[in-house]
Amino acid sequence: MGSPACGFLKQNNVIFLQFFVILVWSCIPHTTNICSNHSFDTPTIPFPHHSGSSSVPSSLKTLTLDGYFTFDNLEHAANDFGNIFHYLPTAVLHPKSVSDISSTIKHIMDMDSATKLTVAARGRGHSLQGQAQAYGGVVINMESLEGPGIFVETSEVPYVDVSGGELWVNVLHETLKYGLSPKSWTDYLHLTVGGTLSNAGISGQAFRHGPQINNVYQLQVVTGRGEVITCSDTKTADLFYGVLGGLGQFGIITRARISLGPAKKMVKWIRVLYSEFSTFSNDQEHLISSNNSFDYMEGFVIINRTGLLNSWRSSFNPKNPIQASQFSSDGKILYCLEMVKYYNPEKMDGLNQDIEELLSELNYIPSTLFLSEVSYVEFLDRVRMSEIKLRSKGLWEVPHPWLNLLIPKSRILDFAREVFGKIVKDSSNGPILIYPFNKAKWNNRTSMVTPEEDIIYLVAFLPSAPPLSTGTDGLEHIMTQNKRILDFCTKAGFGAKQYLPHYRTLDEWRAHFGTHWETFAQRKSAYDPFAILAPGQRIFQKAVSIP
């Protein structure tokens with residue numbers, strides 16, 4: 001996901017943006033009998049572009065569709081936000097209807113068994129490890145999908161019906177016309193609905209409402225058999241829960257019915273600093289366990305940053321300017337807690353008192369209390385302006401070797417001591433997010449897997465790698481550092497899980513899913529028996545007969 005911003009870390013535009021973004025993606029086929037242990041061949045640094053199949057099946061060119069295929073100039077479909085893996089497809093489908101997607105999948109399923117064609121749904125291409133790519137296969141441009149627009153139901157149980165290729169930012173603006181909005185978000189709204197629901201969708205509201213996949217009433221899905229199925233928790237529930245967090249393995253989400261709640265107009269935005277991790281984590285855990293708490297909460301780890309207070313965003317003001325000017329970090333690792341309270345200007349009775357009471361229960365450094373007031377839309381869409389600035393400077397489309405982990409509460413102090421204090425202490429070049437949420441808010445019937453504890457932490461390392469750098473901010477160094485972190489978690493037996501996972505072998509995927517693997521594999525056999533869907537996830541490999 002992944003992510004929110006800590007304005008005082010604006011050492012440069014790249015670092016500033018990454019505090020906002022936590023995006024959302026992940027999985028792929030190994031054989032239709034789901035039993036191969038072979039690893040996938042993955043590129044080594046530098047990562048070259050691989051060309052797709054040189055021959056396009058003639059039947060694709062004659063397939064009757066409402067939309068159309070393109071077979072040339074497909075480089076855009078071999079790129080993603082991670083900018084590490086680049087695999088060219090054979091074709092890109094631009095569907096105008098759900099039947100275009102269904103017909104294409106059925107056609108590939110019915111083709112000669114020697115075909116290697118697979119299918120990947122692509123929204124905004126914000127995957128990190130090539131998950132929305134299909135080497136030599138067909139990439140579906142989900143943003144081309146037409147059909148019923150965004151429909152908002154304002155009854156006692158409000159919801160919004162929306163295309164799987166629609167952007168969350170558009171959902172926000174449409175639902176606000178009715179005084180409503182989705183309850184759970186990602187930190188970056190310019191992602192497709194189907195993309196985040198295929199992973200989880202985590203942000204600072206997850207401790208109250210769970211991830212986005214917990215706030216869905218109904219889905220329309222095109223399975224790996226090409227069947228168009230409407231499913232919910234009472235209708236084809238196995239597919240419904242399988243697709244939510246299912247990494248695209250069982251079906252392509254073409255429409256979703258999402259729960260809504262009352263929307264507020266304004267936001268009180270607060271940031272404070274801590275010098276001790278245990279105090280910081282205790283306060284976070286206290287907030288997520290309180291009945292009366294903030295509406296949003298996330299945290300950041302601040303390593304190797306100087307002049308922190310002088311570089312806070314100008315829109316934030318210190319509660320006590322004199323005390324703030326005297327604060328010195330002394331080169332220590334610091335921890336930022338970011339909190340938000342939603343409100344309507346016409347109903348502010350008791351709001352400031354509630355905030356004061358909540359803050360009085362925390363143990364932050366008093367001189368580091370900074371506040372701001374912005375609109376609800378401005379807060380939720382806070383990444384967009386920074387993205388525009390970075391794109392204008394050519395700093396957006398660089399490699400992003402991000403690592404997102406879920407760590408159980410019982411091991412978070414050990415994790416922080418080793419990882420923050422040693423592994424990344426001298427070479428962190430990007431934002432690090434860290435915040436807890438309640439496992440009770442997650443539905444354990446979905447495909448998403450988490451550590452087996454009541455409280456778990458999301459820890460997200462969000463670096464950017466300048467393309468020509470060979471130093472500590474270079475791609476190779478960061479990926480080596482990521483491996484050190486993963487190896488430490490494995491050896492220490494943390495029971496950690498990757499969010500937006502990326503593995504090379506079936507054995508690694510089995511370990512990731514643990515006791516959920518059998519269910520996951522059974523769903524694959526039921527809904528995508530030929531392993532056509534989401535090859536970029538590297539879970540199952542399409543079985544191809546040899547003449």
Side-chain angles (χ1 to χ4, degrees), residues 1-2 21-30 38-53 73-93 116-143 188 191-192 194-196 198-200 245-249 252 396-404 460-465 467 475-476 478-479 482-483 486 498-506 508-509 512 528 531-542:
M1 94 178 294
V21 188
I22 241 193
L23 302 182
V24 233
W25 6 106
S26 105
C27 289
I28 256 196
H30 248 279
H38 297 297
S39 65
F40 276 74
D41 292 329
T42 54
T44 56
I45 301 169
F47 298 92
H49 282 70
H50 295 266
S51 62
S53 172
N73 302 317
L74 306 180
E75 288 76 11
H76 66 283
N79 293 321
D80 58 25
F81 184 70
N83 203 14
I84 295 172
F85 291 82
H86 304 279
Y87 293 117
L88 279 173
T90 289
V92 172
L93 172 65
K116 296 181 180 180
L117 284 180
T118 53
V119 174
R122 185 181 193 273
R124 272 299 175 93
H126 271 262
S127 54
L128 298 173
Q129 305 278 359
Q131 289 94 335
Q133 297 176 30
Y135 177 48
V138 175
V139 169
I140 300 177
N141 175 17
M142 294 299 294
E143 287 190 279
Y188 180 58
L191 304 171
T192 59
T196 66
S198 295
N199 291 275
L247 308 174
Q249 291 303 296
I252 295 171
W396 180 264
E397 295 178 353
V398 299
H400 296 96
W402 290 6
L403 176 63
N404 300 279
F461 301 87
L462 310 177
S464 292
L475 181 59
E476 186 168 7
I478 296 171
M479 293 187 71
N482 287 348
K483 187 177 184 304
L486 290 170
Q498 285 190 40
Y499 176 56
L500 316 179
H502 173 72
Y503 299 106
R504 294 181 59 183
T505 69
L506 189 61
E508 289 174 315
W509 279 111
H512 172 76
D528 184 24
I532 291 172
L533 299 178
Q537 299 286 7
R538 297 174 176 81
I539 304 176
F540 309 107
Q541 184 176 346
K542 184 176 182 181

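Everything numeric in this text was worked out from a predicted model, so none of it was measured.
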Taking the side chain as C-beta and beyond, is there a heavy-atom pair between L93 and V119 under 4.5 Å? no
Looking only at heavy atoms, what is the nearest atom pair of A134 and A120, with distance? CB-CB, 3.9 Å
Test applied, side-chain hydrogen bond (donor to acceptor under 3.5 Å, both in side chains); reference residue, D80; option that passes from H126, Q133, H400: Q133
May I ask you to test the L462-N404 pair for a side-chain heavy-atom distance under 4.5 Å? yes
With no hydrogens and no angle check, just 3.5 Å: does a side-chain donor-acceptor pair link H86 and N79? yes
In terms of heavy-atom contacts, P467 and V398 come closest through CD-CG1, 4.1 Å
Nearest-0.5 Å distance that lies between atom NE2 in H502 and atom NE2 in H512: 12.5 Å
Give, for atom CD1 of I140 and atom CD1 of I252, the distance between the pair rounded to the nearest 0.5 Å. 3.5 Å
Residue pair P501 / W509, side-chain heavy-atom distance below 4.5 Å: yes
For the backbone of T505 and the side chain of E508, can you confirm whether one donor and one acceptor N or O come within less than 3.5 Å of each other? yes
Partners of E397 by salt bridge (charged side-chain N to carboxylate O under 4.0 Å, His left out), sequence neighbours excluded? R391
Taking the inter-plane angle between the rings of Y135 and Y87 on a 0 to 90° scale, is it parallel (under 30°), tilted (30 to 60°) or perpendicular (over 60°)? tilted
Identify, with sequence neighbours excluded, every residue that meets side chain to side chain donor-acceptor pair (under 3.5 Å) alongside N482. none
Contact summary for V92 and A77, nearest pair of heavy atoms: CG2-CB, 3.8 Å
Listed once per pair and sorted, the salt bridge (Lys or Arg N to Asp or Glu O under 4.0 Å) pairs that draw on residues 130-143, sequence neighbours left out: R124-E143
Least distance between heavy atoms, A465 atom then I478 atom: CB-CD1, 4.1 Å
Just how far is it from atom OG of S127 to atom CG of L191, taken to the nearest 0.5 Å? 10.5 Å
Quick check for you: to the nearest 0.5 Å, what is the distance between M479 atom CE and L403 atom CG? 10.5 Å
Is it the case that the side chain of K542 and the backbone of L117 share a donor-acceptor pair, with hydrogens and angles ignored and the cut-off at 3.5 Å? yes
Scanning both residues in full, the closest heavy-atom pair of I84 with P399 reads CG1-CB, 4.4 Å
Closest contact, heavy atoms only, A200 versus Y499: CB-CE1, 3.6 Å
Are any non-hydrogen side-chain atoms of Q498 and L486 less than 4.5 angstrom apart? yes
I'd like to know if the side chain of Q131 and the backbone of A534 have a donor-acceptor N/O pair within less than 3.5 Å. no
P463 side chain reached by W402 side chain, heavy atoms, under 4.5 Å: yes
Measuring only between side-chain heavy atoms, which start at C-beta, is V138 closer than 4.5 Å to P89? no
